[in-house]
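Here the structure is laid out as structure tokens; the discussion comes afterwards.
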Amino acid sequence: MSTRKLRGSAAEAAGSAPAEPIVEFAEVTPYEQYVGVRELQGLVRTVTDHPAEPSFLVVTQIMELWFTLLRREWELAQRCLRADDLDGAVAAIRRSVHHLRSLNATWGSLMWMTPAEFNGFREQLGEASGFQSYEYRHVEFLLGLKAESVVRPHRALPAVHADLQRALAAPSLEDDVHAYLARRGLPVPADVLDRDRTQPHGAHPGLTALWSEIYADPRPGNDLFALGEALTDVAEEFTTWRQRHVTAVRRAMGAKPGTGGSAGLAWLERSAARVVFPDLWAARTEL
Ligand code: HEM
């Protein structure tokens, strides 16, 4: 591809017509081989003919792909932190903030949906619910929002279940940040480094104090301040995803119970209130 481009620009420089795209292929186009458009289209399997359903299904599928991308970026950031490559970690976290903003913008494709339209295909969803998204659980676990109960629905898929169970007990992105800070000689409390990874946690006074110390110097040269701000962006954008979900639910079904068996809105509001990176927020009160 790059050789063609070079040839094209050489032709342009010489004043002749720019090269035309290739239109003859002996086999299926390289684009199709790479992207798999037919496979993607085959996955848009609506269960009704209601005109509102395709947006609901496609938006959900697109969001699953964003979750996968977020997971890859944060797992990469963890590997970088473990190798003491802070620049590599911050680059991956910053990229993920852009992905989160695009993910959040996707809600726009659903915000038109009224209860009458949602009711047009809701029955046919049976007990299916986003609550059963295991990729979303990986995202939550990487952000430190751990819960054993959300692993249970996936017992019938042994590989998925085992992977989620591993992720439940594994360090979150935040845990890797703390280990890195400790290796840099900062006073990370021992009970933070040893804590039970399967449990969620609130702010810790020692960590809150440590972040306030880092934030006392907010100049670009302070690499740990830059890390803290990238993580705060992640927390903010992820919170936005949860808030926009709550609003979408309120618009499309009011306070009715969910297809997944929960109370719906009230349950979601409580779930969305869990704080991501609590010490980074608590430090702001100290400053
Ligand atoms: C207007 C459309 C939507 C409605 C009415 C809706 C409704 C709900 C409800 C009521 C719940 C609570 C669990 C239950 O009882 O079912 C829930 C959970 C959830 N939904 Fe949606 N949802 C919508 C769109 C989406 C989309 C597009 C996604 C993207 C994957 C999604 C992902 C999730 C996730 C991950 C949860 C679990 C949240 C948590 O554990 O805090 N939802 N949804």
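Whatever order the structure lists them in is the order used to number ligands and atoms, beginning at 1. Below, each value reflects all heavy atoms present in this structure, side chains not excepted, and no hydrogens, waters or symmetry copies.
In terms of polar-atom proximity, G260 is counted as a contact of ligand 1, with an N or O under 3.5 Å from an N or O of the ligand. Residue R137 has at least one N or O atom closer than 3.5 Å to an N or O atom of ligand 1. On a distance-only criterion, S271 and ligand 1 share at least one N/O pair closer than 3.5 Å. Where the criterion is an N or O separation shorter than 3.5 Å, residue side chain and backbone included, H245 meets it with respect to ligand 1. Residue S262 has at least one N or O atom closer than 3.5 Å to an N or O atom of ligand 1. Residue S129 places at least one N or O, backbone or side chain, under 3.5 Å from an N or O of ligand 1.
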Exercise for the section: Go through the steps to decide whether W241 and F67 satisfy the test ring-ring contact (aromatic ring centres under 6.0 Å, His included), and finish with yes or no. Expected result: CA-CA 11 Å; W241 186 89; F67 297 156; 5.8 Å; yes
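Between the side chain of N222 and the main chain of Y215, no donor-acceptor pair closer than 3.5 Å is present. In this structure, E73 contributes its side chain and R95 its backbone to no donor-acceptor pair below 3.5 Å. Between the side chain of T240 and the backbone N or O of E236 there is at least one donor-acceptor pair closer than 3.5 Å.
Listed by atom number, the atoms of ligand 1 under 4.0 Å from T60 heavy atoms are 27 (C), 30 (C). Counting the atoms of ligand 1 from 1 in the order shown, those under 4.0 Å from a heavy atom of M63 are 27 (C), 29 (C). Less than 4.0 angstrom separates some heavy atom of A252 from each of these atoms of ligand 1: 1 (C).
By the 4.0 Å heavy-atom criterion, R270 is excluded from the residues contacting ligand 1.
Looking at F118, Y136, W241, Y134, it is F118 that brings a heavy atom closest to atom 5 (C) of ligand 1. For atom 24 (C) of ligand 1, the nearest non-hydrogen atom from the set W66, W107, W267 belongs to W107.
With salt bridges taken as basic N to acidic carboxylate O contacts below 4.0 Å, one links D223 and R184. The pair E140-R274 meets the salt-bridge criterion, since a charged nitrogen lies less than 4.0 angstrom from a carboxylate oxygen. A salt bridge does not link R137 to E148: none of the charged side-chain nitrogens sits closer than 4.0 Å to a carboxylate oxygen. For the pair D163 and R71, the salt-bridge criterion is met [side-chain N within less than 4.0 Å of a carboxylate O].
Counting only heavy atoms of the protein, atom 33 (C) of ligand 1 lies nearest to G130 CA, 3.4 Å. If you check which protein heavy atom lies closest to atom 2 (C) of ligand 1, you get F56 CE1, 3.6 Å. At the shortest separation from atom 6 (C) of ligand 1 among protein heavy atoms lies V249 CG2, 3.5 Å. Looking from atom 10 (C) of ligand 1 to the surrounding protein, the closest heavy atom is G258 CA, 3.6 Å.
In the model, E64 has a side-chain atom that pairs as donor or acceptor with a side-chain atom of S133 under 3.5 Å. Side-chain contact annotation: T259 with E127, donor-acceptor N/O pair under 3.5 Å absent.
For R251, no heavy-atom contact with ligand 1 is shorter than 4.0 Å. Only the side chain of L268 comes within contact range of ligand 1, with a heavy atom under 4.0 Å; no backbone atom does.
For the side-chain hydrogen bond (donor to acceptor under 3.5 Å, both in side chains) test with T48, the passing option among E53, R122, E123, Q124 is E53; the others fail.
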